[in-house]
Amino acid sequence: MGIFKKIGEALRKTRETFARKVDALLSHGELDDDFYDELTDILISCDIGVKTSLELVEELRVRARKTKLRNAEDVRKELKSILKEDFDNLNQITIQYPAVITIIGVNGVGKTTTIGKLSKYFKNQKKDVTLVAGDTFRAAASSQLGEWAERTKTRIIKHAEGADAAAVVFDGITSAKAKGTDVLLVDTAGRLHTKTNLMEELKKIDKVINREYPDAHKYNLIVLDATTGQNALSQINAFKEFVQIDGIVLTKLDGTAKGGVVVAIEKDYSLPVVFVGTGEGVDDIEEFSSQDFVENLF
C-alpha cells in the first residue's frame, strides 16, 4: 500500500466527519455570515483549533468574494488551496546522516512503539540503525525496546534499570561512531513538565549528544497521540521549555476524527510533522507528506 493510500485510510474518520457536515451545511443555503460561523464550528470540531479555524475561515471569506464559491466542492477546493500554501511555507525536515534522533513525549503516546517502527523504516531504507534504551526510569522499558530490537533485528545499547540515562546515550554514541551507524534512535522516559528531574535529564541527554557527536545531524522529535486532539498542543509547550523541538511524530492517526490537529500544530508552532503512524503493524509509519495530507483531509 502506497503512502497516499495509507494516509487516506488513516484520515478516513476525519474526512468523513468533515465532508458530511459541510455537505449538510451547504444544502441549507448561501455562503453568508451564518455559513461561515457554522463552518468555523465544523473546523473546530475536527480539532483544527479555535484560532486556526477563525484564520482559515477569514481567508476563505476573502477568497470567496473574488472567486464566487458556490458549492461544497468549491469550498473544499479553496480550503485545500489555502492549507497547501501554508504547508509550503513551513520548513520541512529531511533526515540527513549520520543522524541522532531523540524521541520525547509523555507517557502512553507510543514512543517505544514508534522507535521500533522507525528502526524498521530506516532499515528498509538500507540504513544501519542502533537503538539506545534511554528510558531507565520506567520498569521494563529497556526490555520492551529490546523486544522491538529483536523483532526488527536491530542493535541495541542498554544499561540496568535506574542507570543514568545520559550514560546510556554516551555509550550509544561511542558505539555508533565506532561502527559507522547511520541512525541512532534514542528512547527517553515519558514525562510531564511537573517531573522537573526528568525534564532536566532531557537537557543532560541533549548536552551529551551535542558534546560527544558534533558531526551528527541531531533531531528532537516529540511523539503526540492524534486521538488527544488539542490537548497535544499543551505537551509541545511543556517540552519546548526544556529542549529544542525539531518536529512531530503523530501516532494513532488512523484511530481518530481529530486529524485536523496537524493544521493547528503547523499554524501555531511552525513545527513540521515528520512521521505519522498509520496503523498497528511494524511497517505502519510513514514520512509525512503535507500534500497527501491536505488532499485527504476534506
Side-chain angles (χ1 to χ4, degrees), residues 2-94 224 226 229-233 236-237 247-248 250 253 256-274 276 278 286-298:
I3 180 172
F4 189 91
K5 190 170 182 180
K6 280 194 173 185
I7 290 287
E9 280 298 307
L11 285 168
R12 181 175 55 81
K13 290 182 180 179
T14 301
R15 182 174 60 253
E16 289 176 352
T17 298
F18 182 84
R20 183 177 66 253
K21 291 180 178 179
V22 170
D23 287 344
L25 173 59
L26 280 163
S27 68
H28 295 306
E30 300 296 320
L31 274 64
D32 54 15
D33 287 342
D34 288 340
F35 165 81
Y36 288 113
D37 288 343
E38 290 189 50
L39 179 61
T40 301
D41 291 339
I42 291 171
L43 292 172
I44 292 171
S45 74
C46 292
D47 265 72
I48 287 176
V50 175
K51 177 175 175 288
T52 302
S53 296
L54 287 168
E55 290 174 353
L56 284 173
V57 170
E58 182 56 34
E59 179 63 23
L60 182 69
R61 191 194 296 260
V62 170
R63 295 192 184 195
R65 296 192 192 105
K66 298 177 181 178
T67 58
K68 309 294 184 185
L69 304 182
R70 301 206 177 276
N71 54 47
E73 188 54 40
D74 287 343
V75 169
R76 273 193 286 270
K77 186 179 296 185
E78 202 59 46
L79 276 174
K80 285 180 182 180
S81 177
I82 293 169
L83 286 172
K84 284 180 178 179
E85 290 171 17
D86 286 343
F87 277 115
D88 283 345
N89 291 329
L90 182 66
N91 289 328
Q92 301 296 326
I93 288 178
T94 300
L224 302 176
Q230 290 290 301
N231 288 334
L233 302 185
I236 297 174
N237 284 329
I248 311 293
L250 199 64
L253 186 61
T256 183
K258 299 179 178 182
V261 71
V262 173
V263 180
I265 290 168
E266 178 266 322
K267 294 282 281 186
D268 289 358
Y269 295 96
S270 295
L271 281 173
V273 176
V274 186
V276 290
T278 55
E286 302 287 347
E287 242 182 296
F288 180 72
S289 164
S290 60
Q291 299 301 308
D292 287 359
F293 173 80
V294 173
E295 281 299 328
N296 282 279
L297 185 59
F298 302 131

Report summary line: Distance col, row Ile42:CD1 vs Phe35:CZ, nearest 0.5 angstrom, shows 7.5 Å
**Report entry** OG-CD1 distance between Ser53 and Ile44, expressed to the nearest 0.5 angstrom
**Finding:** 4.5 Å
Query raised in the report: What residues, two or more places apart in sequence or in another chain, satisfy side chain to side chain donor-acceptor pair (under 3.5 Å) together with Lys84?
Result: Glu295
Requested in this report: Mind listing the closest non-hydrogen atom pair of Leu271 and Gly247 along with its distance?
Outcome: CD2-N, 4.3 Å
Requested in this report: Report the residues that fulfil side-chain contact (heavy atoms from CB on, under 4.5 Å) with Ser290, sequence neighbours left out, ordered by chain and then residue number.
Outcome: Phe87, Phe288
Query - Closest non-hydrogen atom pair between Ala264 and Ile48, with its separation - result: CB-O, 3.1 Å
Requested in this report: Check whether any side-chain heavy atom of Val75 sits under 4.5 Å from a side-chain heavy atom of Glu78, and report yes or no.
Outcome: no
Query raised in the report: Which residue pairs pass the salt bridge (charged side-chain N to carboxylate O under 4.0 Å, His left out) test when at least one of the two sits in residues 34-43, sequence neighbours left out?
Result: none
Query - Partner residues of Tyr269 under the side chain to side chain donor-acceptor pair (under 3.5 Å) criterion, sequence neighbours left out - result: Asn237
Query raised in the report: Listed by chain and number, what are the salt bridge (charged side-chain N to carboxylate O under 4.0 Å, His left out) partners of Glu59, not counting sequence neighbours?
Result: Arg63
Query raised in the report: So Leu250 and Val274, side-chain contact (heavy atoms from CB on, under 4.5 Å) or not? Walk me through it.
Result: CA-CA 8 Å; Leu250 199 64; Val274 186; over 6 Å; no
Query - 4.5 Å side-chain heavy-atom contact, Ile236 and Leu224 - result: yes
**Report entry** Side-chain heavy-atom pair Asp268, Ile265 within 4.5 angstrom cut-off
**Finding:** no
Report task. Taking the side chain as every heavy atom from C-beta outward, state whether Leu54 and Leu43 have any pair of such atoms under 4.5 Å apart. Result -> no
Query raised in the report: Side chains of Glu266 and Pro272: closer than 4.5 Å at any heavy-atom pair?
Result: no
Report task. Using the test side chain to side chain donor-acceptor pair (under 3.5 Å), find all partners of Asp88 that sit at least two apart in sequence or belong to another chain. Result -> Gln291
Query - Non-hydrogen side-chain atoms of Ile248 and Val262 separated by less than 4.5 Å - result: no
Query raised in the report: side-chain contact (heavy atoms from CB on, under 4.5 Å) with Arg20: which residues, sequence neighbours excluded?
Result: Thr17
Requested in this report: Identify, with sequence neighbours excluded, every residue that meets salt bridge (charged side-chain N to carboxylate O under 4.0 Å, His left out) alongside Glu55.
Outcome: Lys51, Lys267
**Report entry** Val263 side chain reached by Asp86 side chain, heavy atoms, under 4.5 Å
**Finding:** no
Report task. Evaluate the side-chain proximity of Leu83 to Phe293: yes if any heavy-atom separation is below 4.5 Å, no if none is. Result -> no
Query raised in the report: Excluding sequence neighbours, so at least two apart, what forms salt bridge (charged side-chain N to carboxylate O under 4.0 Å, His left out) with Asp33?
Result: Arg61
